[in-house]
2 protein chains.
Amino acid sequence: MGRRSDHGREELESLILDNGRQVMAESGYARFSAREVAKRIGYSVGTVMHVFGNVDRLVMEINARTFRLWSEWLEERLGGAEGRARIIVLVQGYFDFAQTHRNLWSAIYEHRVPEGMEMPETLAAERMRLTGVIAREVATVLPATEAANAAELTSSLIATVHGHCAFMLGGTFALLGVARPADLAAARVIETLHARGALIDA
Amino acid sequence: MGRRSDHGREELESLILDNGRQVMAESGYARFSAREVAKRIGYSVGTVMHVFGNVDRLVMEINARTFRLWSEWLEERLGGAEGRARIIVLVQGYFDFAQTHRNLWSAIYEHRVPEGMEMPETLAAERMRLTGVIAREVATVLPATEAANAAELTSSLIATVHGHCAFMLGGTFALLGVARPADLAAARVIETLHARGALIDA
DNA sequence: TTTTATATTGCACAGCGTTCAATTCACCTG
DNA sequence: CAGGTGAATTGAACGCTGTGCAATATAAAA
């Protein structure tokens with residue numbers, strides 16, 4: 001039983017979030033349970049509910065953390081890469097992250113925000129941060145004439161890669177006999193960038 | 001209380017499937033319930049479980065039906081369209097179906113087949129049927145030199161459109177300020193087909 | 001020390017999927 | 001037609017789930 005002297009409010013929040021992330025990573029969204037999180041931190045269910053209001057908000061905060069982790073993962077991988085290689089790193093990094101953190105990644109897309117409940121600011125912010133990393137790289141590669149379309153094009157390219165990644169982890173590609181999903185996605189991205197006059201080699 | 005004289009085994013199966021589809025359409029995967037289906041058909045939960053073994057199999061059978069509905073939806077829409085228009089119809093039809101049958105469409109991708117449980121034959125078959133419709137149209141448009149890659153390219157194009165559609169219904173595009181997701185997806189598809197030397201006008 | 005505010009609990013509730021002994025029923029046999 | 005048989009169907013039990021809330025425990029203030 002947790003005493004209030006053990007952890008301050010913020011401390012308790014991140015304690016729940018840390019263990020919540022762990023439960024999500026182990027069990028996946030379908031088997032995620034606030035009760036299990038409570039058990040692990042040695043507090044009762046009521047406390048978890050009191051801190052986050054409801055399970056959906058807890059899941060969304062976990063997802064926000066996943067987005068941050070993901071952004072950092074991509075930035076790290078970009079490291080010293082240059083030119084076309086940076087784009088490939090982004091695509092491959094997208095796939096690698098999803099595969100390495102399968103359950104965390106899936107939870108982002110398996111969770112539906114209930115009607116009438118608004119998305120927490122943190123989730124929107126972290127999502128935009130990830131998009132920002134990619135948008136920056138896309139803008140670098142595009143010619144000046146395409147600058148106005150860069151944001152929209154970035155969204156479209158992310159959607160393209162996302163679709164391939166979702167089909168890989170969801171088993172659709174396995175069913176269709178597709179061997180190297182990441183290469184396919186990369187090919188589509190390069191194609192589009194070329195079509196827009198991007199300054200990268202073939 | 002259902003008497004066995006009321007419905008034969010097959011009759012009962014499709015009764016469950018019909019009402020199951022309805023519950024799924026109304027409530028979505030997250031709130032789908034075998035008990036609710038049982039209530040609607042006037043049988044007990046045990047009967048539903050007896051016919052389908054477990055809820056996952058029932059969901060997969062419902063999803064198989066959704067795939068069939070989807071294939072027919074696309075074939076109808078292809079109607080008298082010709083050339084490039086057929087490709088646009090496929091892309092737009094993908095989006096329209098998903099939007100019109102939001103919960104049924106989402107259920108396909110929200111449901112994860114539990115480990116150790118194999119996919120029923122019907123689901124795999126209906127999924128391939130849908131892919132077949134699209135593969136046929138892609139093959140028609142591609143030059144003979146690309147025939148060998150047609151199947152893989154088809155899978156990639158479906159993934160591309162799927163990614164855009166998922167982002168639309170999941171709210172990602174709204175967050176990013178993307179206005180016309182279907183047009184974006186269509187642009188990507190046309191780009192790729194052009195890059196492969198497809199015989200369609202710009 | 002007593003009061004006050006609130007963090008925390010633990011139970012109740014309604015729902016879920018799954019299991020299974022008991023029951024009901026349709027049909028076959030004599 | 002009567003009795004037996006096997007399968008269909010039930011309904012309760014079990015262990016989960018998220019949520020709400022009155023009661024309690026506790027730290028801080030008076």
Side-chain angles (χ1 to χ4, degrees), chain A residues 1-17 19-20 23-24 26-63 103 107 110-117 120, chain B residues 1-17 19-20 23-24 26-63 103 107 110-117 120:
Chain A
M1 164 171 162
R3 317 263 149 193
R4 81 184 66 178
S5 56
D6 289 348
H7 311 96
R9 165 79 181 211
E10 292 171 16
E11 211 174 350
L12 187 54
E13 262 185 42
S14 69
L15 187 64
I16 293 173
L17 238 43
N19 287 74
V23 172
M24 187 66 86
E26 290 172 15
S27 312
Y29 175 70
R31 300 197 202 289
F32 180 82
S33 148
R35 284 184 131 101
E36 173 63 22
V37 176
K39 198 176 296 176
R40 296 202 187 189
I41 66 174
Y43 280 77
S44 74
V45 205
T47 299
V48 173
M49 298 307 291
H50 183 252
V51 172
F52 284 93
N54 55 54
V55 149
D56 289 288
R57 261 194 266 279
L58 173 54
V59 170
M60 288 191 284
E61 291 298 341
I62 291 172
N63 287 344
N103 284 337
E110 285 172 16
H111 180 252
R112 273 216 241 173
V113 184
E115 299 203 55
M117 171 176 289
Chain B
M1 164 173 160
R3 317 262 149 194
R4 79 185 66 179
S5 55
D6 290 348
H7 313 95
R9 164 80 182 210
E10 291 173 16
E11 212 176 349
L12 186 54
E13 261 186 42
S14 68
L15 187 64
I16 293 173
L17 238 42
N19 286 74
V23 171
M24 187 66 86
E26 290 171 16
S27 313
Y29 175 69
R31 300 196 202 291
F32 179 82
S33 148
R35 284 183 131 101
E36 174 62 24
V37 176
K39 198 176 298 176
R40 296 203 186 187
I41 65 175
Y43 279 76
S44 73
V45 204
T47 301
V48 173
M49 301 306 294
H50 183 252
V51 172
F52 283 93
N54 55 52
V55 148
D56 290 289
R57 261 194 269 278
L58 172 54
V59 170
M60 289 191 284
E61 291 298 341
I62 290 171
N63 287 344
N103 284 337
E110 285 172 16
H111 180 253
R112 272 217 241 171
V113 183
E115 301 202 54
M117 171 176 290

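Letters A, B, ... mirror the listed sequences (proteins, then strands); counts begin at 1. What you see is a predicted model; the values in this text were computed from it and never measured.
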Could you tell me the separation between the [atom1] atom of [X] and the [atom2] atom of [N], rounded to a whole number of Å?
| X | N | atom1 | atom2 | value |
| --- | --- | --- | --- | --- |
| A:R9 | C:dA5 | CZ | C1' | 15 Å |
| B:K39 | C:dG15 | NZ | C1' | 9 Å |
| B:H111 | C:dG17 | NE2 | P | 12 Å |
| A:L15 | C:dA7 | CG | C1' | 15 Å |
| B:I16 | C:dG17 | CD1 | P | 13 Å |
| B:R57 | C:dG17 | CZ | C1' | 14 Å |
| A:E36 | D:dG18 | CD | P | 10 Å |

What residues 45-56 of chain A contributes to the DNA chain D interface at heavy-atom separation below 4.0 Å is A:V45, A:M49, A:N54, A:V55
The correct set of residues in residues 26-33 of chain B placing a heavy atom under 4.0 Å from DNA chain D is none
What verdict does the side-chain contact (heavy atoms from CB on, under 4.5 Å) test give for A:I41 and A:T47, after you've listed the backbone C-alpha separation in whole Å, the side-chain angles of each residue and the deciding distance to 0.1 Å? CA-CA 10 Å; A:I41 66 174; A:T47 299; 5.9 Å; no
Using a strict threshold of under 4.0 Å (side-chain N to carboxylate O), is an ion pair present between B:E61 and B:R57? no
- Any salt bridge between B:E26 and B:R40, counting N to O under 4.0 Å? yes
Calculate, to the nearest 0.5 Å, the distance between atoms [atom1] and [atom2] belonging to [X] and [Y] respectively.
| X | Y | atom1 | atom2 | result |
| --- | --- | --- | --- | --- |
| A:I62 | A:F52 | CD1 | CZ | 7.5 Å |
| A:S44 | A:R35 | OG | CZ | 10.0 Å |
| B:N63 | B:H111 | CG | NE2 | 7.5 Å |

Between B:A38 and B:V48 the two heavy atoms that sit nearest each other are CB-CG2, 3.8 Å
Taking every heavy atom of B:N103 against every heavy atom of B:M24, the minimum-distance pair comes out as CB-O, 3.3 Å
Handout entry: Under 3.5 Å donor-acceptor pair, B:R35 side-chain atoms to C:dG15 base atoms
Key = no
**Request:** Please test B:Y43 against B:I16 for side-chain contact (heavy atoms from CB on, under 4.5 Å), starting from the C-alpha separation and ending with a verdict.
**Result:** CA-CA 10 Å; B:Y43 279 76; B:I16 293 173; over 6 Å; no
Touch check for B:L12, heavy atoms < 4.0 angstrom, all strands: base, sugar-phosphate only, or nothing?
sugar-phosphate
